[in-house]
Structures are given as structure tokens and as C-alpha cells.
Protein chains: 2
Amino acid sequence: MSSAFKAIAAEPRRRILNHLAGGPMTVSEIASHFEMATPSISKHLSVLKEAGLVHEQRRGQFIIYSIAADNLLNSLYGFLTPFCPHARKISAQRKRGTKPK
Amino acid sequence: MSSAFKAIAAEPRRRILNHLAGGPMTVSEIASHFEMATPSISKHLSVLKEAGLVHEQRRGQFIIYSIAADNLLNSLYGFLTPFCPHARKISAQRKRGTKPK
DNA sequence: CTTGCATTTAGACATTTTCCTATTTAGGAA
DNA sequence: TTCCTAAATAGGAAAATGTCTAAATGCAAG
């Protein structure tokens, strides 16, 4: 299992994630925003998928990718916890699945 | 300027940061916790420094490294903002340097 | 000024990553 | 089936990374 940290280390992958923040989309839709060959995008997506940072869903001919925000946030907040009280609180909330008023 | 994301992509560097969370320390102190040659530790520290994630301060013969928590948190929260309302709030606070009651 | 310790720099090497083009797989439609 | 499009895989070249040992630098104490 490859780490989320490695996955977000590459700038193109962070840009892909930012794009996906706007909602689920197909590989071609993503690729059209980059000056990179489609197979390269496909590879980046597979790295993100390995890291559990995106989900994929076949829809006929297309494959639709979407963000796995929970995994993204859990990985990073988990790491930030030792460095920040805010992260500590949020991380705990996320684990409990609760939210204080 | 090399990115904080690349800096935290390597596991040994994340471990170094976690160690430094316990307080400032010298290179040898850090190195003693790892099964890695000192020059390698030194290299990792210089990557962390380039990324603005640690500070160094010469103290006689020794060089003392400490965490630059602000930069660490700003970089990561900035990235998380589009994916999470909590991060959004905290990121804004951090930018203003204020804290709502 | 020489010696010794802490740290960095240099150089080499193996591994990994990133990108490309060409090919293959999978599905939909004629 | 045959043709077209979407996406993944294969294979390879170039660049970046991580680690080591050996050598250099910086500082302090005799």
C-alpha cells in the first residue's frame, strides 16, 4: 500500500485532486485541463486510487473518478495531530464521527 | 523552492518531524534514533529546511534543529481547504492570526 | 597550531518516478 | 461482426531520490 503522502507529493496529482474537488468527472474531462498525454493522467489517477484518495466507478464506456475526501483528510490530519491542537480536536471528531455544538 | 509536500513524502522525514515535535535537538540526537548514516540524516534535514519545515540554529559546535510548525500547518491546511470546511475555517484564522471566541 | 568532535558536502550507485508513444482492453453503436 | 471512442497497460528514456563511504568544513579545547 502506497502512502497518501507520496501520492500528493507530485504537483500534477495535487492539481487533479483540486479539479476533482469540483465534482466527479471522467478521465478525458480531467485530461482536457492538462497538457499531458492521457496515459500519464491515467497513471496519476491509479496512484491516487492506490493511495485511497479517489474512487472510480465505471459508467458504460466511461470511468468516473471522484475524491475520497475522508481518506485524504484522515491521512493528513492524522499526521498533523502532533503539531497542532486544532488538528488534534478535528482528528478526534473525525474518528468518533461526532461533532460538538 | 521545493515543496513541503515533497518534503513530507519520505517516511524518514516524517519520522524526523515527529521526533522534533518533542522539542529542538541536534543532528546527532536525531540520528541516534535512526538506523541511518548521519550524512543521510543531514540530507533529510536540509530538504526539510529547504521546504521551510524546520529551523536551524548553530550553537557552538552543534546545530540545533526545531520544527517550523507554522509553515508546516499553513502548507497543509492551505491544500486541504478545498476539501474540508474545518480546514477552511482554521486556514482563515491562521492567515488573520486571530482566533474567534 | 594541532587534535577531536559535529556536521555538511561530494561522488557513486541502485531504485524509483515521470513522462512519452504504441498497443491493448472494454464498451457502445451501426 | 466491424468500427469508433474511452481508458489502461507495456515498454523505454530521462530525471529525481535515497542511501552509502570518504573527504571537507566549522568550532572548541589543549
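Below, chains carry the letters A, B, ... as their sequence lines are ordered, and counting in each starts from 1.
Summarising the geometry, the separation between CD1 on A:Ile63 and C1' on D:dT9 is reported as 12 Å, rounded to the nearest angstrom. The CD atom of A:Glu50 sits 13 Å away from the P atom of D:dA8 (whole-angstrom rounding). Protein atom CD1 of A:Ile64 is 14 Å distant from nucleotide atom C1' of C:dG27, rounded to whole Å. As rounded to whole Å, 11 Å separates atom P of D:dA6 from atom CD of A:Glu29. Across the protein-nucleic acid pair, A:Ile41 atom CD1 and C:dT21 atom C1' stand 16 Å apart, rounded to whole Å. Between the C1' atom of C:dT17 and the CD1 atom of A:Ile8 lies a distance of 17 Å, rounded to the nearest Å. The distance between atom CZ of A:Arg15 and atom P of C:dC19, rounded to the nearest whole Å, is 10 Å. When the C1' atom of D:dT5 is taken as reference, atom CZ of A:Phe62 falls 8 Å away, rounded to whole Å.
Judged by distance alone, with hydrogens and angles left aside, the side-chain atoms of B:Arg59 form no donor-acceptor pair with the main-chain N or O of B:Gln61 at under 3.5 Å. No donor-acceptor pair under 3.5 Å is formed between the side chain of A:Arg13 and the backbone N or O of A:Arg15. For B:Asn71 (side chain) and B:Gly52 (main-chain N/O), a donor-acceptor pair under 3.5 Å exists by modelled atom type.
With a 4.5 Å cut-off on side-chain heavy atoms, B:Val47 and B:Leu53 do not count as touching. Contact annotation: the side chain of A:Ile63 never approaches that of A:Leu45 to less than 4.5 Å [non-hydrogen atoms, C-beta and beyond]. The closest side-chain heavy-atom distance from B:Tyr65 to B:Met25 is not below 4.5 Å. A:Leu72 is listed as a side-chain neighbour of B:Phe79, based on a closest heavy-atom distance under 4.5 Å.
Following chains of ILVMFWY side-chain contacts shorter than 4.5 Å, one can reach B:Phe34 starting from B:Ile8, so the two form part of one hydrophobic cluster.
A close approach under 4.0 Å does occur between a side-chain nitrogen or oxygen of B:Tyr65 and OP1 or OP2 of C:dT8.
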Would you tabulate the pairs of protein nitrogen or oxygen atoms and nucleotide nitrogen or oxygen atoms of nucleotides 25-29 of chain D closer than 3.5 angstrom?
none

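Contacts of A:Ser46 with the nucleic acid, taken as non-hydrogen atoms under 4.0 Å apart, are absent.
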Checklist outcome for this item: Nucleotide by nucleotide, nucleotides 14-21 of chain D touches protein heavy atoms under 4.0 Å in the pattern (B base, S sugar-phosphate only, - none) ---SSSBB
Item to check | Criterion side chain to side chain contact (heavy atoms under 4.5 Å, CB included) on A:Val54 and A:Leu17, from CA distance to verdict | outcome: CA-CA 8 Å; A:Val54 300; A:Leu17 288 175; 3.9 Å; yes
